Amino acid sequence: MWGRALAEGASVMTRLVGVVVGVFVVGALSFVTPAGAQVSQLQVDPGRVSVNVGQRFEVLATALDRGNNVLLDVQFQWVSQAPSVVGVEPEGDGIAQLIGLAPGSGVVQVSVGGRSATIEVEVQGIAVAGPIGEGTPTRLEIEPPTALLYPTEDLQLLPRFLKDDGSPAAPASLTWRSFREDVATIDPSGMLVGIQEGTGLVEATTESGLRQRVQVQVSMAPWAFATPIVSLAPAESDTLALMVPDQGGRPLDVRWVSWSSANRDVVMVGAGGVVTAISAGQTSITGAAFGQERSVEVRVHPTVDGFDIRALRGDTIVVPVGGTAPFRVVPVAADDTPIPEAPITWILGDTTLAQYVTADSAARGQAVGVTTLEARYRDESVRVWTLNVVPARLSVDEQRVPVGKGETRQIRAWFSSDDGTPLAPATDVTWTTANADVVTVGPDGTLTGVGYGGANVIASTPWGNADTAAVFVSGSVLFTSTRTGSPDLFTAAPGDSSGAGQITGEASIEIEGAFSPDGTQIAFVSDRGGQFDLFVANADGSDVRRITETPEHERGPTWTPDGTRLLYESNVSGRSQIWIMNLDGGGAQELTFGDRENRYPAVSPDGQLIAFTSFRDGNAEIYLMDINGANQRNFTASELNEFMPKWIDGQTLAFLRRQRRARDRRVLRFADEMSEVVSLSLAREERTLAFERPIQAFDINPGGDQLAVILLTAGPTGDVEQRLYVLPTEGREGMAVEVVRASSGDQLAHPRFRP
């Protein structure tokens, strides 16, 4: 039908445009362009070829019309009918290269215009594993490197000739010999034959002296069918496969096996293990080889007429990594009877992203990405789904987040593995806040601190995965205030007219608060247990945990930079000394000793040094020691009194110094190890604020450009007032800003900046 249609189409074209034929005469031959010409003869030269393995041979095909004219511009089709023995590479104009690949005989067919011709090819030499190159080999390898055989079984050993760089070389002649011919023999072509059970050795040698050996194991290991059950529909065929389990599952050539069917009305088996189903039923096929018999069950099921598809609705299915989604396709007969034995093959576009678990009838996510899952019956595609593999977990990149009031900060969500390892930025995430009066969140995870306190922010996906970040909104300064009647902890942003945020509210005393390095926790001192002890809480005052419980007093907590330990003062040994302990209260260790006090510990930014005030020399001086208490040395070595060291950077300290003839204190700093003391003067602010009183306490922010100071000033009735100011350090732009007090009687103390 197609030939007639094409012929009719050609005749129509002829009527439309006519036929133009060009004839060229050269000697006795005429060359014709094939516009409408038909091939009458096809000739090949030569018709018989003998080549060696690795050798190329050029052959020529010529197409002639009825007048013996050579047809030009025709398309020849070349096919090797023994592709493992001889290869063919067309070059155009009827020319092709024949390539010897392995010893043996083969036929190459060339076709054009409905005509065909053949070339008989004989390939001599040795079969070679892998590609054939050029040049002299310097290395010899044999495939396989170990030979496993049954008695009477044969195996072709294939050499691989290589150069020093591992590239293929030209084949060389080999001499084979067996060291145990009673176990296995080998012929000049490398064909190995098992004789009897045992272990042997064969060797291949080239004329140039290259040598390689192969160990041979001949045994009667049990063989088995590759599949325990064969399922077919009437008129379908399949080829049985055998393997040797004890020999790494190596395939066994079925040509050694004789076959029989227990019921030829159900299934027939022919040479080569080809099974053909006849009618519905169940039977078995037996194979006999090497003195062993094995049987395999064969089930011939009714003809499949349709499929019962059981899966989630839609063409795109979301599957979490490590999770599953059900997919089941059951073939059915014409009367809708299920045929579960009819085989369904599941094909995944990318097996690194998902796999189909037959036992669970489900697809399991492997890695984040998009792939396809196809169900096939035989060669027929039943259904194709798109699998969107998403992480089993959704994780925000920060579980605890500090935000300043009036400030913004972005957090991000990630698709992650079960152990929390981020895999990819999360998409289709919805952000919500549990308390918009404290913090708001934008669609991209941008947080805005609205009011002091804590609130959870939740990231969630349409398929139900979610994660939560605990957000703590505070001011830039933490301090103690008596505005509630007893000292409590508060936080504020300087200049915020709306007031401060209260953190603690007990009737007891809460003082000396200090932010953790990440700004989400505070350590503080309280006498709620009867004496001053250390406590830790979230930055909003929630989840309070008691850290010390001794009969004496603990004061002045400060965090190590990694947030895992606290330094503090304790007089449990009689005098105030510097201690360090774990955040859970364990591992307490005294770092200073003696009958003189050591106070005000401060840890360097790298966590290696501790600065502190020591009275061991008769006056208050700044000392340094290693984090473990070793190498204690005097840093200021002056006759004045220095207190409350604060690290500006890894080498620079700020501290309070009391002059000998004055009551006031100034904030000073050392530029580095014992260089000139430079005053961070308050002179400019003194003129503005009329400071006349000493500084009671201070802190310096991590950037070293702001000071928080408690100044003692005279109140309207002559009482001393403790007021908190935040001001730029010397040489910085800006004015001093007071943290608003609740009333004239509100006393402020112990300022600490938020990291």
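Here the structure is a predicted model, which means the values were calculated and not measured.
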* **Nearest heavy-atom neighbours spanning Pro487 and Thr480** => CB-CG2, 3.7 Å
* Asked: Taking Asn701 for the side chain and Gln706 for the main chain, is one N or O donor matched with an acceptor at less than 3.5 Å?
  -> yes
* Asked: Asn388 and Val370: side-chain contact (heavy atoms from CB on, under 4.5 Å), yes or no, with the steps?
  -> CA-CA 5 Å; Asn388 182 13; Val370 178; 3.8 Å; yes
* Drop me the distance from Leu656's CG to Lys646's NZ, to the nearest 0.5 angstrom. => 8.5 Å
* To do: Using a 4.5 Å cut-off on heavy atoms from C-beta on, say whether the side chain of Arg528 contacts that of Asp533.
  => no
* Asked: Side chains of Val401 and Thr520: closer than 4.5 Å at any heavy-atom pair?
  -> no
* Structure fact -> Correct closest heavy-atom pair for Gly629 and Gln632 would be O-NE2, 3.1 Å
* Expected output: side-chain Gln502 to main-chain Thr504 donor-acceptor under 3.5 Å -> yes
* Donor-acceptor pair between Thr468 and Asn456 side chains, under 3.5 angstrom -> no
* Distance-only, no hydrogens or angles: does the Thr592 side chain make a donor-acceptor pair with backbone N or O of Ile578 under 3.5 Å? -> yes
* To do: Answer yes or no: is there an ion pair linking Asp360 with Arg328, defined by an N-O contact shorter than 4.0 Å?
  => no
* Is a side-chain N or O of Glu407 found less than 3.5 angstrom from the main chain of Val473, in a donor-acceptor match? -> no
* Structure fact -> Residues Val403 and Leu447: closest non-hydrogen pair is CG2-CD1, 4.1 Å
* Rounded to the nearest 0.5 Å, what's the gap from CH2 on Trp579 to CZ on Arg565? Could you check? => 14.5 Å
* Asked: Do Leu711 and Ile695 have side chains that get closer than 4.5 Å, going by heavy atoms?
  -> yes
* Got Leu591 and Leu567 here, is their nearest side-chain heavy-atom distance under 4.5 Å? -> yes
* Close side-chain approach of Phe490 and Val739, heavy atoms under 4.5 Å -> no
* Leu624 CG to Phe612 CZ distance, which is reported to the nearest 0.5 Å -> 8.0 Å
* What distance separates Glu374 CD from Tyr356 OH, expressed to the nearest 0.5 Å? -> 13.5 Å
* Asked: For Asp350, does its backbone N or O pair with a side-chain atom of Thr371 as donor and acceptor, under 3.5 Å?
  -> yes
* **Glu590-Ser573 side chain donor-acceptor pair, cut-off 3.5 Å** => yes
* **Residues Thr613, Ile622; criterion side-chain contact (heavy atoms from CB on, under 4.5 Å); working and verdict** => CA-CA 5 Å; Thr613 298; Ile622 305 301; 3.8 Å; yes
* Close side-chain approach of Ile710 to Phe698, heavy-atom, < 4.5 Å -> no
* Asked: Would you say the side chains of Gln410 and Thr408 form a donor-acceptor pair under 3.5 Å?
  -> no
* Arg555/Ile511 under side-chain contact (heavy atoms from CB on, under 4.5 Å): CA gap, chis, key distance, verdict -> CA-CA 9 Å; Arg555 299 286 298 270; Ile511 56 175; 3.7 Å; yes
* Asked: Just wondering, do Leu348 and Leu353 contact through their side chains at under 4.5 Å, heavy atoms?
  -> no
* Asked: Can you find a heavy atom in the side chain of Asn571 that is under 4.5 Å from one in the side chain of Glu569?
  -> no
* Does the cation-pi check pass for Arg383 over Phe327, that is, NZ or CZ under 6.0 Å from the six-membered ring centre and within 45° of its axis? -> no
* Spacing of Thr461 atom OG1 and Arg393 atom CZ [to the nearest 0.5 Å] -> 13.0 Å
* Asked: Any idea how Tyr600 and Phe643 line up, ring-wise: parallel (<30°), tilted (30 to 60°), or perpendicular (>60°)?
  -> perpendicular
* To do: Grab the two heavy atoms, one from Pro331 and one from Val329, that are nearest each other, plus how far apart they are.
  => CD-O, 3.7 Å
* **Test item: Asp584 side-chain N/O and Gly586 main-chain N/O as donor-acceptor pair under 3.5 Å** => yes
* To do: Please report the C-alpha distance between Phe635 and Leu609 in whole Å, then the side-chain angles of each, then the deciding distance to 0.1 Å, and finally whether the side-chain contact (heavy atoms from CB on, under 4.5 Å) criterion is met.
  => CA-CA 12 Å; Phe635 182 68; Leu609 294 176; over 6 Å; no
* To do: Kindly compute the distance separating CG (Leu748) from OG1 (Thr482), expressed to the nearest 0.5 Å.
  => 7.0 Å
* Can you check whether Arg575's main-chain N or O pairs, donor with acceptor, with Glu597's side chain at less than 3.5 Å? -> no
* Taking Arg412 for its side chain and Gly445 for its backbone only, find out whether a donor-acceptor pair lies under 3.5 Å. => no
* To do: For Pro601 and Ile610, work out which heavy atoms get closest and say how close.
  => CB-CG2, 4.2 Å
* To do: Give a yes or no on whether the backbone of Gly585 and the side-chain of Asn582 come within a donor-acceptor separation of less than 3.5 Å.
  => no
* With no hydrogens and no angle check, is any side-chain donor or acceptor of Thr491 less than 3.5 Å from a backbone partner on Gly475? -> yes
* Going through the checks in order, is the side-chain hydrogen bond (donor to acceptor under 3.5 Å, both in side chains) test met by Asn538 and Ser542? -> CA-CA 5 Å; Asn538 288 330; Ser542 62; 3.0 Å; yes
* Asked: So which heavy atom on Lys405 is nearest to which on Gly451, and how close?
  -> CE-CA, 4.4 Å
